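So the structure is just underneath, and the comments pick up after that.
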Amino acid sequence: MSTTVDNNADIIPEFLAESRENMDQMERDLVVWEKQPGDRETLDRIFRAIHTLKGTCGFLGFAKLEGIAHQAESLLSHIRDGKRRVDPKVVTVLLQVLDTVRRHLGKIERTGEEETQVFGSVLADLHALQEETSQEDAGPTTELDEDLSSATAESSLRVDIGLLDRLMNLVGELVLARNQITQLGLLKEDPALLGASQKLSHITSELQTGIMKTRLQPMGNVWSKFPRLVRDAAIAGEKKIRLEMSGQMTELDKSIIEAVKDPLTHLIRNCIDHGIETPERRLAAGKPEEGVIRLRAFHEGGLVLVEISDDGAGIRPELIREAALRRGLVTAAKVDALTDHDLIQLIFVPGFSTAREVTRLSGRGVGMDVVKTNLERISGTIDVISTLGEGTLFRIKLPLTLAIIPALIVKSGGERFAIPQLSLLELIRLDGASVKQKIEWIDKVPFYRLRGRLLPLVYLNRELNLSSQGELPRNDDEAVHIVVLESHSDPFGLIVDEVRDTEEIVVKPLGRQLKSLSVFAGATIMGDGQVVLILDVMGLAQRVQLREAVEQRPKRAGAEAVPGAAQGGENLLLFQLGDESRWAIELSNVTRLEEFTADEIEQEGAVPVVQYRGQIMPLMPLRQLLLPTVKTSRAQSLDNKLQVIVHSRNGVCYGLWVDRIIDIAREPLVLQRQKSSPGVLGSMVIQRQVTQVIDIDGLVKLDQARNLAGRNNGIAEN
Amino acid sequence: MKKQVCTFTLDDMLFGVDVPVIQEVLRPQTMTRVPLAPSVVRGLINLRGQILTAIDLRERLGLPPTPADISGMNLVVRLPDETVSFLVDDVGEVLDLSEDQFEESPVTLHRSISDVTSGVYKLKDRLLLLLNVTAAATLPAERN
């Protein structure tokens, strides 16, 4: 058992942090050293790391760890004295030493005690390597130059991240106070106050920048793991790979650096496993035997770009095409319209990666959708460019920080909104005269021709229910602005009334009560003290897509474009009536999904109706029609929003009023039980739950009969 | 055991909140409304750089909407991991209440009220409902 010195509670965390940093540095150095064994400077650094570890462990009483460090140091001293040459075997063992040290550090962190024994063969391996020198070692080198040790003295210190967060918040508040003072100064017209407020303004901005910078870390902190990763994976895959990195010093917010680590690791693994070919194949293709993976980071337009490229085989678009068709991700018609570049982007579509055989053939696509989602979570984007036979390039765009982001301020329906600059592609202004002509409609869906391609448009005020007349701009002669945004699959245009400036905004999270609103990423406080909501472009696109998914599908079943139809599947929209009853309707019978508020419902005789697209649409309360016995207790949802499935036939719309929309599922429509009750086709098991399928024809008849009865009653009462 | 409670009114009913959880009381504030939000959320308030969700307590309790002649007050309450503002009709005095005046919410109370109150204090001339702030700040949909 090791005994630790008393009162070392404060020292231990520092020891752990310092040792881990040293081990990380040593790992980088070892990989470099293997390539350049003659590099004395690298060897000295490795030596110093091990020596420091040994010394501190001795002081703190971690005898086992000290023993390992001692053995490693002995081996290194053999090499330094020229008694042994550096070879992969040495490096491998030293890397194993690293892993063992890390495991011990982990144990110390958890329990305060080191491991009671050294697992594995590390000690034996170290020993064996020293034996191979056939000369008895005199012992550990203690004559390490003092100036080497003192070279580690740093000009930096550790600060608790919580403290930085608090400072960041305080600065945010300071900025707002500054803004108020500035406005007061302008009102008072007092030169002295004005001067002082300008000074305050200046200092505040600098302080803000400074505090923000304290949270920045160099990209290299994450990259330090990669040389080892590439080395080990290349050896395992019997490939020769060189990793070239540039831009390690590019700085990013700590939280982003941490979040980007896994996606980057995943991409690099992909390059190793699937991108770079075996040496034989490379030689056969006329390429150098050794493949190259390049990692590059740099600033561009307030963002950080990270590129990961390989000079491997590249991705074959036709394989992606086949796979996407087989998986039913796109229709044949759509796939033909895609360029090779767009085709390759399909590897990021969820569902693509689950096809194993595709992965093997195309060489890419393992969990790429996960990479993409993880990056999107931190407001990043990813793009892939691949040239067959020459290699593949992944380009990642990241914001510098999540706390303060550049954003475009727009106005819609009288309210201001902030759109993160990162998702912004371009701005288009249409003057009043050309709005009617430039915005084209296909069955109530607006489009704009952007350089010859159709850009789907979304009216922000309509999407957010800001005003009822969202389909056209308020006045024909008023200009509209199209904000072109990057989204998961295709860009789309957001139509807003006004485009203001780009501003640096401080992102604040929304309260728990609003977390379910995926269309907002947070809120910020503007210079005038007003709160402005920040749009979540991904969330908005998803909201639009759910509607469009329903809208774009062919209205008749059996049309060739339904991906599931060919496989005998049927798209079903699942919804809920009452508190737990599950129902389904064939998607081919669904025209749209809509939400209405209770006060939009009017009565036409005994029939509830809503005004909808210039028509009067009767509402069929499905719960009352199909489950007359179920109480209406909880059904009145708190926010008074009615969920309505719109079904149209012969130009007439019917609104099926349901309690909740659940999901869209694809299942062969095989009814396990036929039902004779009107309006119900039968029941089947969907997503492991008994679900009843409605008979829309029967329902329409049922509703008509009911209304007729209701109307007759009404007449009788009158 | 004495307990200090700050009183407020909603639709002529008397309510109380434990004094220690109250951060401050504010006059009506400029509010940013949140599209698509549940109707209980009236908007967002900027309180010295902190963004608060304003919860319409009348709506939360299923009471009729605030009449136009009541401008309302913001009761800013600090919860374990958030600060919210409850919109109430008016804020009254601070009362010292004792345990023997307390009774659990009667079962006959409407669910929408009993769900967000922890009990009743029997004052000399009227009844006071003690608000359960955590329950009131949690919207029904979040529980599912």
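Lettering follows sequence order; numbering is per chain, from 1. If you're wondering where the values come from, they're calculated on a predicted model, not measured in any experiment.
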For this session: For B:P35 and A:L464, work out which heavy atoms get closest and say how close.
Result: CB-O, 3.4 Å
For this session: Let me know if B:Q50 has heavy atoms under 4.5 Å from chain A in its side chain, its backbone, both or neither.
Result: backbone
Seminar exercise, completed: What one should report as the nearest heavy-atom pair of B:L36 and A:E463 is CD2-O, 3.8 Å
Exercise. Side-chain contact, heavy-atom cut-off 4.5 Å: A:L514 with B:L44?
Worked result: yes
Exercise. Who in residues 82-91 of chain B is close to chain A, using a strict under-4.5 Å heavy-atom cut-off?
Worked result: B:E82, B:V84
Seminar exercise, completed: Here the ring pair (Phe, Tyr, Trp, His ring centres under 6.0 Å) pairs for residues 31-65 of chain B, sequence neighbours left out, are none
Seminar exercise, completed: NZ of A:K508 to CG of B:N46, rounded to nearest 0.5 Å, is 8.0 Å
Seminar exercise, completed: Applying a strict 4.5 Å limit to non-hydrogen atoms, the region of B:V41 in contact with chain A is side chain
For this session: Tell me, please, which residues at least two apart from A:F520 pass ring-ring contact (aromatic ring centres under 6.0 Å, His included).
Result: none
Exercise. Of the backbone (N, CA, C, O) and the side chain (C-beta and beyond), which part of B:L52 lies under 4.5 Å from a heavy atom of chain A, both, or neither?
Worked result: neither
Exercise. Would you find more than 12 non-hydrogen atoms of other residues, nucleotides or ligands less than 6.0 Å from B:D12 atom CG?
Worked result: no
For this session: Report, as yes or no, whether the 6.0 Å neighbourhood of atom CD on B:E103 holds more than 12 heavy atoms from other residues, nucleotides or ligands.
Result: no
For this session: Flag the pair A:Q513 / B:I55 as yes when at least one side-chain heavy-atom distance between them is below 4.5 Å, and no otherwise.
Result: yes
For this session: For the pair A:R512 and B:T138, evaluate side chain to side chain contact (heavy atoms under 4.5 Å, CB included) and give the outcome as yes or no after the intermediate values.
Result: CA-CA 8 Å; A:R512 181 164 55 93; B:T138 307; 3.0 Å; yes
Seminar exercise, completed: Turns out that what part of A:L510 lies under 4.5 Å from chain B's heavy atoms comes down to side chain
Problem set entry | Closest non-hydrogen atom pair, A:T524 against B:I51 | N-CD1, 3.9 Å
For this session: Sorted by first residue and then second, give each ring pair (Phe, Tyr, Trp, His ring centres under 6.0 Å) pair with at least one member in residues 21-62 of chain B; sequence neighbours left out.
Result: none
Seminar exercise, completed: Closest heavy-atom pair, B:T53 versus A:G511, reported as atoms and distance to 0.1 Å, is OG1-CA, 3.8 Å
Seminar exercise, completed: Taking every heavy atom of B:R33 against every heavy atom of A:L533, the minimum-distance pair comes out as O-CD1, 3.8 Å
Exercise. Between A:Q530 and B:T32, is there a donor-acceptor pair closer than 3.5 Å when you use the side chain of the first and the backbone of the second?
Worked result: no
